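Following: one structure in structure tokens, then a few remarks.
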Amino acid sequence: MIPDYIEPRVAILSQLRRMESGSKAAGLPELPSPVTHAEGASLAKLFGSKLEEISGSCDILDRAADVADRIVELVKDWSAEDGDATADTNDPQPIEVLSWSPKELPLEGLKGFLKDSGISLLVPDDLHDESWRARAARPSIGLTSVDAAFASTGSLVLAPGRGRSRAASLLPLRHLAIVPMSRIHPTFEAWLATLRREERLSSYLRVSGQIAFITGPSKSADIEQILTLGVHGPRTVHALVFDDTR
Amino acid sequence: MPELTNTRPRVALFVTCMVDNLYPGVGMAAADLLERHGADVVFPEAQTCCGQPAFNAGYRREARMMARRFLDIFYPRLDDGLIDAIVAPSGSCVAMVKHQFPRLFTTKEDADYLRRARRVREVTYELTEYLVDVLGVDETGARFPGKLAYHPCCHLLRELGVDAQPRLLLAFLKDAEIVELLNPEECCGFGGLFALKNAEISTAMGRRKIRNLEDSEAEVVVMNDVSCMAHLNGLLRRQRHPCKAVHIAELLDGSFDGDGEAGG
Amino acid sequence: MRVEVRAPYRTRVRQALADEGLRDALDRATSHLSERRERAMAAVDSEALRDQARAARNHAIEHLPDLLEELERNLLGNGCQVHWARDAAEALGAVLDIAQQHQVRDVVKSKSMVTEEIGLNDAFERSGIDVVETDLGEYIVQLAGEPPSHIIAPVIHKRVEDISELFQEKLGIDPTIEPADLCAAARSELRSEFLLADMGVSGCNFAIAESGTICIVTNEGNGRMVSSLPRVYVAIVGIEKVVRSVEDAMLLWQLVSRSATGQDVSVYFSMSSGPRRRGHTDGPDEMHVILLDNGRSRIMERGYGEAMLCIRCGACANICPVYREIGGHAYGPTPYSGPIGAVITPLLEYDVTAARELPFASTLCGACRDVCPVKIDLPQLLLDLRSNVVERGATSRLERTAVAAYGKAMRRSRPYHSLARLARWFGWLALLLPPLRAWSRTRGFLRFPSKRFRDLWPERVRHDEDRTAE
């Protein structure tokens, strides 16, 4: 039996092909050349200041251990600010942070360290399950790492995977992103060009099902062109950059 | 661009139908300027209209007939070496000849007209473009005691890329204070038949231009097309406004010195 | 609603021009957006970028059937389901079928002009399915029961006071004119919608053929949400949205960001290639892509392929001096307004009278062509549309007669002189009668001088000859 979609498909394609085809193909456009040739710590600084320019924020830390400490600080400060009732009472519940699996975060022993500081990582199995969904909707902080970050725009790029929920960088009010320095690139054009040369670009997109470029906190200027943050996505995007080459 | 030789270049004046019938003074001023600054001017008397109003309204058949007539009048003089250039005191009419004439001649029967159109457009100029780029004029000797603003007409600015030339000529005006309009490149709202078919929007746009004129404190706004000028003067007069719109030819040849009626 | 989109054109224009509040809002918003665009384009080699962008879009339009097949192949390979729709009815049928299969009761939507074009929301409502617009501006116009009035800034015509009143009425919030508070209210309302919805629907900014990827540009994050949270995700893709490569999509992403809002890039760029993979925490279980024609292939066949290059940035509307005076609703019941709207609304045959009116709602000033990131020659397209209107015989008899008479007068000397004489004597009278009365309602009479240039010229020549003879 001919599938229902065949007739419209054939009709559209044959109409398009009936038209006289035009001129030769245009060559692949050259991408704008990389903005900077910086590397390492100076590149990280450029990334940080660009992120701050677009209403994000950034810490640049020396060692992995500093990152864990800073996470604790930020989570506690934010919880207090956001009025998280579990923050400090006589019988404190751990503060829940919606997170990627610790295996996907580039810090050893993070889960245990945070647990000792009264912070628990909520790593949902399946967000189409009602109870997981309800739980995942509560934390005001989300924790992820990134596939790459770009200094020219202050962007992060994330691909979902096992233990790498989309929700962690999307639902909570605050997004905390751990960014190893080795994953910071000058421009996304240069990074894509590398993937292209290694013939991995197309499969990078296809394998994960969704790639998200995130450039700062959620914004809208729909109301009289006045900028507001956190319309649907996170209101805070905070990058924790550390030197993972040591 | 024709090389200037020791003999004076011969210019056929393409006066345009609006200037011919409504603002003959502008045509006179254009001829005076050209002659004063080194060209010999002839006026092919059989000329009428380039066909732009019909073309813009979508009537390509009529526009084509008028374009053929235009070429029948001007091309032979060019081909016979009787003229070196065609000059008009209007940006939109020149744009019509240069950019739209070739579009009108697409069939085999019109192949000759296409060829003529392509030849003609190489030597067709707007007035200030010709004065500055070919005759090398900067100082015209004209004076204007007061504040003056320049409104760049859309076709002149965007289709012909002519902007530096009129501004140069104005910069050399004696005693004048040239002030800049807010958003000077915004359309005044004439737009050909738009002024009639969408008169309310046309009026709103013209009034906005006049508000910007007021804010600039200029007494006079000068431009290169009588169409825009008629539209703005029409609004100004109805508002009994002290400002005036004037064509650059009359300003530069001295026939408008701030007091008289513009476009006489 | 101050401008009734279903009223006749003349009425809409009059209503728009009479609405001071609207014109004030339009003024501020369009100049703000235009300034931002200018700054963002001045910061890069904009000419080179525009040329590259045009080349990318041109290539896609010129190779459309092959690229669409490649897109389909890769989407299917990624686990998507692909549907082809010749017109709005087929597209709606496909979407509603999917909704029925999954017993969908609640839908969340991100901003999409193409879904407005096919009337998706109405179709959902008629089937008893609840649909919520999640883009803040679209959410506001949905609450207000209005169509959007600008391609990228749907609520450009409203002031904060209007929005506050609306939220107070529909959401029961406390009175406030703080945009941050209004946004927080919308965030809260829409958060539960996102989490409960059965289906997410989006349009598509770019569809990458080589990888089978649907790209969505947003600043708010609702694009990511509708394509990640509900079980079923449907993307409706106009066939002209396809691009060849990832690089083309990334280039056009930057162009649309700079041209639309003056940002280097939008906050979110979601590139969805398929449903969630095994073992992933979230993502839709099913991803459907609907490839929609709805007149696009016919537009290209008629020679208007240039109009299909558009990447929907809205820069043309922001710079257009006509749009600034009348706003988007004056263009009628179409999601596409401004210069590009004046071209594609008639071509999509959106509303029968649009072809006779919209192409003439322009002075052909060319400002739009100067700002278009893909260098579409909009004035030329409008001129082509105007000649189509004339060819079809859709202009008034009075106008055709007048143009024919003018044409005759301009072609032969005797009629020309007669007409000129008539004009001199009776011109003032003509200005009192329609259609010329349209001039004289607000503008002073044109005076026909007794001597034309051609009458004065021989006198001048004689005068010169006399002088040289002395």
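Just so it is clear, the model here is predicted, and its values are computed rather than measured. So you know, we letter chains A, B, ... as the sequences are listed, proteins then strands, and number each from 1.
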(message) Taking side chain as everything from C-beta outward and backbone as N, CA, C, O, which of these in S31(C) sits under 4.5 Å from a heavy atom of chain B? Side chain, backbone, both or neither.
(response) neither
(request) Begin from the C-alpha positions of R103(B) and D384(C) and carry the test salt bridge (Lys or Arg N to Asp or Glu O under 4.0 Å) through to its verdict. (result) CA-CA 11 Å; R103(B) 273 183 229 273; D384(C) 290 343; over 6 Å; no
(request) Rounded to the nearest 0.5 Å, what's the gap from SG on C49(B) to OH on Y406(C)? Could you check? (result) 3.0 Å
(request) Taking the side chain as every heavy atom from C-beta outward, state whether S362(C) and F194(B) have any atom pair closer than 4.5 Å. (result) no
(message) So for E200(B), is it side chain, backbone, both, or neither that comes closer than 4.5 Å to the heavy atoms of chain C?
(response) both
(message) What I'd like to find out is whether the side chain of Y23(B) reaches to under 4.5 Å of the side chain of L446(C), using heavy atoms alone.
(response) yes
(message) Just so I know, are the side chains of W457(C) and V41(B) near enough to count as touching, which here means a heavy-atom distance under 4.5 Å?
(response) yes
(message) Quick check on the interface: out of A195(B), G189(B), A54(B), G51(B), who has the most heavy-atom pairs with chain C under 4.5 Å?
(response) A195(B)
(message) Which atoms of R61(B) are under 4.5 Å from chain C, going by heavy atoms: the side chain, the backbone, both sets, or neither?
(response) neither
(request) Between chain B and each of L385(C), L382(C), L364(C), T442(C), count heavy-atom pairs under 4.5 Å; write down the option with the most. (result) T442(C)
(message) For the interface with chain C, which of L13(B), L236(B), V15(B), D72(B) has the highest count of heavy-atom pairs at distances below 4.5 Å?
(response) V15(B)
(message) Quick check for you: among R400(C), R23(C), R10(C), R324(C), which has the greatest number of heavy-atom pairs under 4.5 Å with chain B?
(response) R324(C)
(message) Please classify the contact of F70(B) with chain C as side chain, backbone, both or neither, using a heavy-atom distance under 4.5 Å.
(response) neither
(request) Measure I326(C) against the heavy atoms of chain B and call it side chain, backbone, both or neither at under 4.5 Å. (result) side chain
(request) Select one option (side chain, backbone, both, neither) describing which atoms of N183(B) are under 4.5 Å from chain C's heavy atoms. (result) side chain
(message) Is the shortest side-chain heavy-atom distance between R60(B) and V390(C) below 4.5 Å?
(response) no
(request) Measure the SG-CD distance between C365(C) and E185(B) for me, rounded to the nearest 0.5 Å. (result) 10.5 Å
(request) Examine whether an atom of L456(C) lies under 4.5 Å from a heavy atom of chain B, and if so say whether it belongs to the side chain, the backbone or both; otherwise answer neither. (result) both
(message) Let me confirm one number: the CD-CG distance from E357(C) to N198(B), rounded to the nearest 0.5 Å.
(response) 9.0 Å
(message) Using heavy-atom distances under 4.5 Å, tell me whether L232(B) contacts chain C through its side chain, its backbone, both, or neither.
(response) neither
(request) Kindly compute the distance separating SG (C17(B)) from CZ (F453(C)), expressed to the nearest 0.5 Å. (result) 13.5 Å
(request) Output, in order, the C-alpha distance, side-chain angles, deciding distance and verdict of side-chain hydrogen bond (donor to acceptor under 3.5 Å, both in side chains) for T395(C) and Y59(B). (result) CA-CA 10 Å; T395(C) 49; Y59(B) 293 84; 2.9 Å; yes
(request) Could you tell me which portion of A63(B) (side chain, backbone, both or neither) has an atom closer than 4.5 angstrom to a non-hydrogen atom of chain C? (result) neither
(message) At a 4.5 Å cut-off on heavy atoms, which part of E399(C) comes close to chain B: side chain, backbone, both, or neither?
(response) both
(request) Among P359(C), A16(C), A402(C), P321(C), single out the residue with the greatest number of heavy-atom pairs under 4.5 Å to chain B. (result) P321(C)
(message) Which atoms of Q100(B) are under 4.5 Å from chain C, going by heavy atoms: the side chain, the backbone, both sets, or neither?
(response) side chain
(message) Shorter than 4.5 Å, heavy atoms on both sides: which option in Q380(C), K451(C), R443(C) has the most such pairs with chain B?
(response) R443(C)
(request) Would you mind checking which part of V13(C) comes under 4.5 Å of any heavy atom in chain B, side chain (CB onward), backbone (N, CA, C, O), both or neither? (result) side chain
(request) Inspect the contact between R369(C) and E159(B) and indicate whether a charged nitrogen and a carboxylate oxygen are less than 4.0 angstrom apart. (result) yes
(message) Please classify the contact between H231(B) and chain C as side chain, backbone, both or neither, with a heavy-atom cut-off of under 4.5 Å.
(response) both
(message) With a 4.0 Å cut-off on N to O distance, would you call E325(C) and R208(B) a salt bridge?
(response) yes
(request) Go through the atoms of E45(B) and report whether side chain, backbone, both or neither lie under 4.5 Å from a heavy atom of chain C. (result) both
(request) Please tell me if the side chains of F190(B) and T363(C) come closer than 4.5 Å, counting only heavy atoms from C-beta onward. (result) no
(request) Apply the test salt bridge (Lys or Arg N to Asp or Glu O under 4.0 Å) to residues D20(B) and R452(C): give CA-CA distance (whole Å), side-chain angles for both, the deciding distance (0.1 Å), then the verdict. (result) CA-CA 5 Å; D20(B) 187 16; R452(C) 298 165 298 170; 5.1 Å; no
